[in-house]
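The block underneath contains the structure these notes are about, expressed in structure tokens.
Atoms within each ligand, like the ligands themselves, are counted from 1 in listed order. Residue numbers count from 1 along this sequence. Keep in mind that the numbers below use all heavy atoms, side chains included, and drop hydrogens, waters and symmetry copies. Only a predicted model underlies this, so the values are computations on that prediction, with no experimental measurement involved.
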Amino acid sequence: MDQEKVLVIDFGGQYNQLVARRVRECNVYCEIYSYKTPLEKIKAMNPKGIILTGGPNSCYEEGAPTASKELFELGVPVLGLCYGAQLMQLVLGGNVERAANREYGKTDVIFKQGTKLFEGIAEHNTCWMSHFDYISKMAPGFEVIAHTDNCPVAACQNTEANLYAIQFHPEVLHTQNGTAMLYNFVRGICGCAGTWRMDAFVESTVKALREKIGDGKVLLALSGGVDSSVAAGLLSKAIGNQLTCVFVDHGLLRKNEGDEVEAVFGKSGRFDLNFIRVNAQDRYYSKLEGVSEPERKRKIIGEEFIRVFEEEAKKIGKVDFLAQGTIYPDVVESGLGGESAVIKSHHNVGGLPDYVDFKEIVEPLRDLFKDEVRKAGLELGIPEKLVFRQPFPGPGLGIRIVGEVTAEKVRMVQDADYIYREEIDKAVEEYKKAKGENPSWLPNQYFAALTNMRSVGVMGDERTYDYAVALRAVNTVDFMTAEAAEIPFAVLQTIMSRIINEVRGVNRVFYDLTSKPPGTIELE
Ligand code: XMP
């Protein structure tokens, strides 16, 4: 694509995608390349700027990732971050050594005033440090522009050569004004106009998908969630009906969800693709009969999905590509998966399905964060209702019904959940009308679950012995920890009375106050 571009050169650091994301936030297009990319290729891309990322190594060690001196002599502004900063200094004649103590965490950094890189940054600013090594001697021509109590060179520059080095991480949110620093680099120093928008991502991805797929056939499992829907939208735009989407309705979706997905992607929808809806409710319910152990339920639902998908794939015959809606946080999660204990068998990333005959995987959203995926979805004309859908687990209502799943219980939880969402939407709308903003209690995820508890109640003059619904609502940043949301009591009361009046088989409503940890967000 013929547009200004910043290259992010990857030295293996954990925040590299975050660097790219921050650059995109400045409306500048960027691409990530390995540090092994030949200089000629870098030159040919004609970048407006280059950012060298952090990395786990020590740059003076033998075999550590390196960069050639010529990279700094292209006449293109270069910004080194952490490892990238140290490497720049070492390659250009400075020195890097191991410090006596590791500097880690939020650190007060003192900034020289009046520099281009730190324009608008106060003299004291909290930054995120994470390093063992430090720049003990700067390369010739450089001057210090930031320091800390322990680190004599927290940042330095050579304005004549347009080279900048920052020891801390401006890309992480713990660094105050970090995005402003990257903005100063890409917009100020590199002179990028900042004209890049999500539509450009859509355009370039569509073009790349066309080139890669040619006239091949692509198969995508569409769940109706945000990620697979946006992947479907992109692929449809790129290759039209060379794409086949298989949507398995396992009978464990939210109320009306199957029809909503079909309305968008089916025959009368706006996308050009082959849409296959498999109504597999009965199969699922009979497989789940008598099963109450949560992990067992997850396994059955997952395996049955594979069986259904396999059967459909066999009907289609050989495909060239299997598409997946993997997004960047999934990639990270699966990469770290080996280190952490399995609490619940989540997310189907990592393993490639071996039950479909295909040549290659395509993952058009692999570099995007969730909010960027949503922007791309809106760009593609996918309805807001679908784009801003809450996270919904693959096993669906199967893990929101504590204990055995039956069609009757699915109906109860669907109806209760529908009322819950309807009333929250109403309360949020009213609040927004009055105050012009979202209420602070607005949960990131909320849903009704059906407990396995039956209790005695009275309705009219009749004794009842019915199920209890649990309302869950959490505020969370990353879904790893969460707090119960403080939904106003009056709103909860309205929801309670509607559920008890309208949902047959339910006579009690609980509000779940448990935080995560020790609870999890889902009940199973
Ligand atoms: P937990 O219950 O683990 O949930 O605190 C954290 C987030 O993950 C979702 N979740 C799942 N997603 N398959 C999924 O695709 C699953 O089996 C699953 N279990 C939980 C949950 O909705 C929440 O957003």
Close N or O approach (Ile521, ligand 1; < 3.5 Å): yes
Option with minimal heavy-atom separation from atom 13 (N) of ligand 1, where the choices are Pro294, Pro395, Gly302, Pro391: Pro395
Sub-3.5 Å N/O-N/O distance, Gly394 and ligand 1: yes
Are any of the side-chain nitrogens in Arg277 or Asp259 under 4.0 Å away from the carboxylate oxygens of its partner? yes
Is the closest N or O pair between Arg400 and ligand 1 shorter than 3.5 Å? no
Checking the N or O distance criterion of under 3.5 Å, is ligand 1 in contact with Arg298? yes
Can you see whether Phe321 has Lys359 sitting over its ring - NZ or CZ less than 6.0 Å from the centre and within 45° of the normal? yes
What pairs of residues pass the side-chain hydrogen bond (donor to acceptor under 3.5 Å, both in side chains) test when at least one of them lies in residues 381-397, not counting sequence neighbours? Glu260-Lys385, Glu260-Arg389
Just say parallel, tilted or perpendicular for the rings of Tyr35 and Phe11, cut-offs at 30° and 60°. parallel
Arg374 side chain to Val387 main-chain N or O, any donor-acceptor pair under 3.5 Å? yes
Could you tell me, atom by atom, which parts of ligand 1 come under 4.0 Å of a heavy atom of Lys516? 1 (P), 3 (O), 5 (O), 6 (C)
For ligand 1, the portion of Pro393 having any non-hydrogen atom under 4.0 Å away: both
I need the full list of side-chain hydrogen bond (donor to acceptor under 3.5 Å, both in side chains) pairs touching residues 489-502, with sequence neighbours left out, sorted by first then second residue. Glu422-Arg498, Glu423-Arg498, Arg498-Glu502
List ligand 1 atoms under 4.0 Å from Phe479, heavy atoms only on the residue side. 6 (C), 24 (O)
